[in-house]
Amino acid sequence: MIILTLNAGSSSLKFNVINMVTEASLADGIAERIGLAEGFVRWTIQGEKGRIELDMQDHKEALNAIMEKLHDTVLKGEDVAAVGHRVAHGGPNFGDPIVINQAILQEIEELAFYAPLHNPANAMGIKTAMAMFPKVPHVAVFDTAFHHSMPDYAYTYGLPYDLCKKLGLRRYGFHGTSHRFVADRTATLLGKPIEKLKIVTCHLGNGSSIAAVARGKSIDTSMGLTPLEGVIMGTRSGNVDPGVLITVMEKEGLDAKGMNAILQKQSGLLGISGISSDCREIETQWEAKTSDRARLTMEVLGYGVLKYIGAYAAAMDGIDCITFTAGIGENGPMLRSWICTRLANLFGIQIDEKINQARRKGDRLISTPDSRTAVAVIPTNEELAMARFASKFA
Ligand code: ADP
C-alpha cells in the first residue's frame, strides 16, 4: 500500500511517498516559491536527488509537477491508497485524524482565525489533492490533536473567562504528531508499555516545543494558542512578559502587525545571537568560544528547556525519560549535555558522553544503565506517523 503525505504552506508544498508494507519512504521533496518568481521543485527519489527550476502559479501546478515526477518513477503502475494532510490547527473540536469531506474542509478553512499562516494553505493543499485524487480518502492529521488530552487547568489562560470562551483563547499546543511518535518510540526503546511511563518529549527544531506525556497522553505542552509560546525558536520569541509587548508597541509606535513581525521573524536564536536562525552556526561559535552572544543564545535555549523539564516532572509527579528530537534535539550533543548535566542531582541523570557525542542516527539511549532517569534521542518522523493514520482509512 502506498500513501502520499502532503504538507502545504502558503508558498510551498512538501510531499512524501511511503510504502506501508516496509514503512520506507520511497520519495520525498518540496515545491518552493509557489506563486512567486524563481520557483523550483527538489526531491529525493529512491535515494537519488533531483531538482528542476519551475515557476508555479498555484498549488495545483506544483502538485502536477510533483506527480509527473512520481508517476514516472515510484508510482509507475502503483496507485496512491490514501493521502495524509498535515493541518496546523484543529481548534477546540478536532482531535483524532479524520477523513475530509466538504464540511470538514470548510471547518479547517474557518480555523484560519487560529493559524492564519497555516490553515488556509493547508486547506488549499487539500482542495488541490482532492481534485487530483477524487476516489481515495484524504485524511487530516492535526498538529494540535495529541494535546487534546490536556486537563482544563493546563490549557486555561489567566484572562477573563468569558473573553477566552468567546475567542477560543486557550493552550492548544503543536507538534502533536511528533510528540506522540517519539513518545511511542521511547516506550519501545525502553521495552516498557507506554501506559507505565512518564516522558518529557523535547521537540527542538526551527520551531520548538516540549510536552509532558503521562501514560501515553499529553497532559501539558509549551506552545499555546499559537506556536509562539514556549522556549526560544529559530526566529520566534517564545515566552515573553505580555507587558513587554505593550511597552514595545507604545515606545516604538508599532501596530499588531509590526509587533507580530518582531515576535515571529526577528526574535529567538536569530534575535539574541545576531548570527543566524540556524542553530548549527550558533553552536559552532559556542563551541569555539568565538561569540559570547552565541553562548548566551544557547544557554537561554538550554535553560528554557531545562525549566520545562523541571515543571513537567512536577506536573507528572516524576519522570522516567527525557526524549530529544527534531533538528537540534537529534543533532546537538553539546546542548543535550548542557541540559542533562544540570539535572544530574534532581533526576539522577548520568549521560554516556561517548554515545551522546557520537554522530549516530536512529533511536538511542544516551544515558548510562545506572542513570535513574533515562535520556533518549529519537529521530522524529511526522510523515510516517501521518501515513500510518491515513493508511487506516485506505
Ligand atoms: P523544522 O522545524 O523546520 O522541521 P528541523 O527539525 O529540521 O526544523 O530543525 C532545524 C534546526 O535544526 C536548525 O536550527 C538546524 O540548525 C538544526 N540542526 C540541524 N542539524 C544540526 C546539527 N548537526 N547540529 C545542530 N543543529 C542542527
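Counting starts at 1 for both ligands and their atoms, in listed order.
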Exercise for review: Group every Ile, Leu, Val, Met, Phe, Trp and Tyr by side-chain heavy-atom contacts under 4.5 Å, then state whether L26 and L384 land in the same group.
Suggested key: no

Review point. Would you say G234 touches ligand 1, if touching means a heavy atom closer than 4.0 Å?
Key: no

**Study point:** Shortest heavy-atom approach to atom 25 (C) of ligand 1 - which of R359, E382, E283
**Key:** E283

Check your understanding: So, does S371 use its side chain to make a donor-acceptor pair with the main chain of T368 at under 3.5 Å?
Key -> no

Review point. Should one rank G329, G327, S277, A326 by closest heavy-atom distance to atom 7 (O) of ligand 1, which comes out on top?
Key: G327

Point to revise | Pick from G268, P379, C279: the one approaching atom 14 (O) of ligand 1 most closely through a non-hydrogen atom | key: C279

Exercise for review: State whether any protein heavy atom lies less than 4.0 Å from atom 4 (O) of ligand 1.
Suggested key: no

Check your understanding: Relative to the heavy atoms of I328, which atoms of ligand 1 are at a distance of less than 4.0 Å?
Key -> 11 (C), 12 (O), 14 (O), 17 (C)

Check your understanding: side chain to side chain contact (heavy atoms under 4.5 Å, CB included) between D55 and E61: does it pass, once the steps are laid out?
Key -> CA-CA 9 Å; D55 285 349; E61 283 189 19; over 6 Å; no

Point to revise | Minimum-distance protein heavy atom relative to atom 21 (C) of ligand 1 | key: N331 CB, 3.4 Å

Exercise for review: Verify whether the ring centers belonging to H85 and H138 lie closer than 6.0 Å.
Suggested key: yes

Review point. Which atoms of ligand 1 are found less than 4.0 Å from any heavy atom of G207?
Key: 2 (O)

